[in-house]
Undergrad: 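Encoded as structure tokens, here's the structure I'll be asking about.
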There are 2 protein chains.
Amino acid sequence: MKDTQVKSGSAEYVAEAIELAIHEHRLIPGMKLGEDELSEVYGVSRTIIRAALQSLSHNRLIELKRNRGAFVAQPSVAEAIEVFEARSLLEPRTARSAAERMTEQDILSLQNHIDAEHTAIDNGESGRALYLSGLFHIEIARIADQKTIAAFITQLISRSSLIIALYWERRAALCESHAHHALIEAFRNQDGDQAEELMKSHLIDLLTSLDLRSRKSAPSSLHEALKS
Amino acid sequence: MKDTQVKSGSAEYVAEAIELAIHEHRLIPGMKLGEDELSEVYGVSRTIIRAALQSLSHNRLIELKRNRGAFVAQPSVAEAIEVFEARSLLEPRTARSAAERMTEQDILSLQNHIDAEHTAIDNGESGRALYLSGLFHIEIARIADQKTIAAFITQLISRSSLIIALYWERRAALCESHAHHALIEAFRNQDGDQAEELMKSHLIDLLTSLDLRSRKSAPSSLHEALKS
DNA sequence: GTGATCTAAATTGTATACAATATTGTGATT
DNA sequence: AATCACAATATTGTATACAATTTAGATCAC
């Protein structure tokens with residue numbers, strides 16, 4: 001877990017760093033990601049930056065506008081709904097599969113995620129808490145041992161993070177924690193039916209807790225603010 | 001359909017060209033895709049080729065091995081099953097949505113796809129027929145007006161094409177056509193229930209028609225053949 | 001002062017050059 | 001003859017240079 005040796009470099013590393021920044025809402029929808037700028041920050045050439053941006057673009061975390069550059073994505077209301085519809089197709093059934101193959105170790109892992117989430121909330125790191133809350137969902141997909149579906153869910157949760165940045169109303173993700181606790185309970189009992197049902201309503205709760213009528217966060221820079 | 005004006009260039013174009021070649025089974029699982037080679041074929045620099053390969057890699061159509069190069073992907077049996085499980089989660093419900101919003105125009109479009117598929121079969125272009133059969137599924141996702149899910153399905157169908165190349169037993173895709181006809185009938189009646197059910201069993205049929213115990217096609221080169 | 005037009009700067013798109021790594025071929029040694 | 005070591009070759013990884021495009025600023029007309 002330590003990085004004394006600067007093994008940075010590689011486009012992968014850069015992409016993950018940017019992705020984390022987006023998840024923790026340090027990078028805000030609409031922000032311009034200049035290539036030279038990133039190149040300096042990470043100490044690699046634009047070639048690497050470009051590869052990273054392409055990867056992020058493919059996951060819909062940023063938008064690549066030809067000859068204009070890269071911008072943190074700003075999902076529309078329609079896209080927000082689409083993302084949660086896709087999650088509703090994938091995650092409940094995945095939660096069921098996970099429940100059926102759940103081991104003691106898996107439950108501990110999930111519990112750790114929740115604990116870390118609580119710690120972050122207590123420390124006022126709401127961005128990090130949100131990120132960890134996403135990891136909880138991804139961990140479930142991993143446990144279900146469905147790499148393909150897990151990859152889709154991972155992307156959807158990344159995009160959900162952007163959606164939450166734009167449309168979230170009440171920021172204290174406390175209600176979430178409750179849902180996650182209930183899920184763990186179902187997992188403990190290896191109750192697939194209940195896990196599926198809980199995940200289904202959890203996702204509905206999430207979607208309905210969004211205010212899809214007005215965007216929240218102001219664009220990044222003053223410049224952007226005045227333009228859009 | 002003609003390319004008098006060489007508007008090629010752009011990584012997108014190259015990626016689509018390679019993807020088509022994979023879909024039509026002109027490029028076979030395991031084949032090496034050398035950068036210089038592709039660079040010559042498409043008359044662009046390796047920079048462009050590299051971007052295209054990265055994109056294809058993200059869709060799991062090729063595998064990028066560090067310092068080794070790009071190879072047409074060879075989905076394992078486990079991956080094949082995963083892909084069809086993911087399709088089973090996404091496509092039946094999508095077929096239902098499509099049925100409910102289906103217009104006259106949409107039905108004509110789907111009918112065109114089937115006709116083209118038949119033409120290809122009659123001309124012995126089994127590769128192209130398979131490709132068109134995939135487009136039929138993608139068209140349904142488009143009609144359902146769910147871009148996010150459609151993107152996932154598109155990737156899954158691409159990967160299915162590789163899976164079929166590796167594990168398909170009876171190549172005459174006639175049984176498929178029947179399933180597609182039945183689906184169109186359900187669409188005509190805007191019968192969501194039936195569309196969902198038909199798609200579900202269609203996917204099961206597809207999976208069970210694979211022979212997952214032995215790989216079919218021989219690897220590209222003699223070299224590869226002796227190595228794996 | 002407002003708006004349009006042109007010029008200069010900055011940014012992205014592409015190609016090429018160089019470095020690092022893997023592959024292949026050759027030859028020495030057993 | 002087979003195997004290992006090393007050199008030569010080929011291929012990929014990364015950085016940089018140049019071209020194309022967009023953006024910003026200044027100038028001019030109204």
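Letters A, B, ... are given to chains in the order of the sequence lines, protein chains preceding strands, and every chain is numbered from 1. Hydrogens, waters and symmetry mates are skipped; everything else that's a heavy atom, side chains included, is used.
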Undergrad: Residues in side chain to side chain contact (heavy atoms under 4.5 Å, CB included) with T47(A), at least two apart?
TA: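 Checked T47(A) against side chain to side chain contact (heavy atoms under 4.5 Å, CB included); matches are S45(A).
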Undergrad: Which pairs, protein N/O on one side and nucleotides 15-17 of chain C N/O on the other, fall under 3.5 Å?
TA:
from: dA15(C); atom 1: OP2; to: S45(B); atom 2: N; distance (Å): 3.1
from: dA15(C); atom 1: OP2; to: S45(B); atom 2: OG; distance (Å): 2.8
from: dA15(C); atom 1: N7; to: T47(B); atom 2: OG1; distance (Å): 2.6

Undergrad: Can you tell me the distance, in whole Å, between the CZ atom of R66(B) and the C1' atom of dT21(C)?
TA: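 Going from CZ in R66(B) over to C1' in dT21(C) covers 9 Å.
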Undergrad: Let me know the distance between CD of E12(B) and C1' of dT14(C), rounded to the nearest Å.
TA: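 Distance check: E12(B) CD to dT14(C) C1' gives 16 Å.
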Undergrad: Please determine if a side-chain N or O atom of K32(A) lies less than 4.0 Å away from the OP1 or OP2 oxygen of dT12(C).
TA: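 For dT12(C), OP1/OP2 do have a side-chain N/O of K32(A) under 4.0 Å.
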Undergrad: Between I49(B) (CD1) and dT11(D) (P), how many Å, whole number?
TA: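 Spelled out: CD1 on I49(B) to P on dT11(D) is 15 Å.
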Undergrad: Rounded off to whole Å, could you give me the CD-to-P distance for the E35(B) and dA10(D) pair?
TA: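 Atom CD in E35(B) sits about 16 Å away from atom P in dA10(D).
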Undergrad: Looking only at non-hydrogen atoms, find the nearest pair between S133(B) and H180(B) and report the distance.
TA: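 Reported closest heavy-atom pair: O-CE1, 3.5 Å.
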Undergrad: Send over the distance from N67(A) CG to dT21(D) P, rounded to a whole Å.
TA: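 It is 7 Å, rounded to the nearest whole Å.
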Undergrad: Can you tell me the distance, in whole Å, between the CG atom of L38(B) and the P atom of dT14(C)?
TA: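 Rounded to the whole Å, the gap is 17 Å.
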Undergrad: Who are the side chain to side chain contact (heavy atoms under 4.5 Å, CB included) partners of D36(B), not counting sequence neighbours?
TA: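 By the side chain to side chain contact (heavy atoms under 4.5 Å, CB included) rule, D36(B) matches R46(B).
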Undergrad: Going by side-chain hydrogen bond (donor to acceptor under 3.5 Å, both in side chains), name the residues that satisfy it together with S39(A), two or more places apart in sequence or in a different chain.
TA: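 Residues passing side-chain hydrogen bond (donor to acceptor under 3.5 Å, both in side chains) with S39(A): none at all.
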Undergrad: Table please: side-chain donor-acceptor pairs of residues 55-66 of chain A below 3.5 Å, with sequence neighbours left out.
TA:
from: H58(A); atom 1: ND1; to: H58(B); atom 2: ND1; distance (Å): 2.3
from: H58(A); atom 1: NE2; to: N59(B); atom 2: OD1; distance (Å): 3.3

Undergrad: Sequence neighbours excluded, which residues qualify as side-chain hydrogen bond (donor to acceptor under 3.5 Å, both in side chains) partners of T119(B)?
TA: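 Listed in chain order: nothing, the list is empty.
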Undergrad: Give the rounded distance in Å between these two atoms: CG of D36(B) and C1' of dT9(D).
TA: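 Distance, rounded to whole Å: 13 Å.
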Undergrad: Can you check the Q54(A) CD to dT12(C) P distance for me, whole Å?
TA: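 Atom-to-atom, Q54(A) to dT12(C), this comes out as 15 Å.
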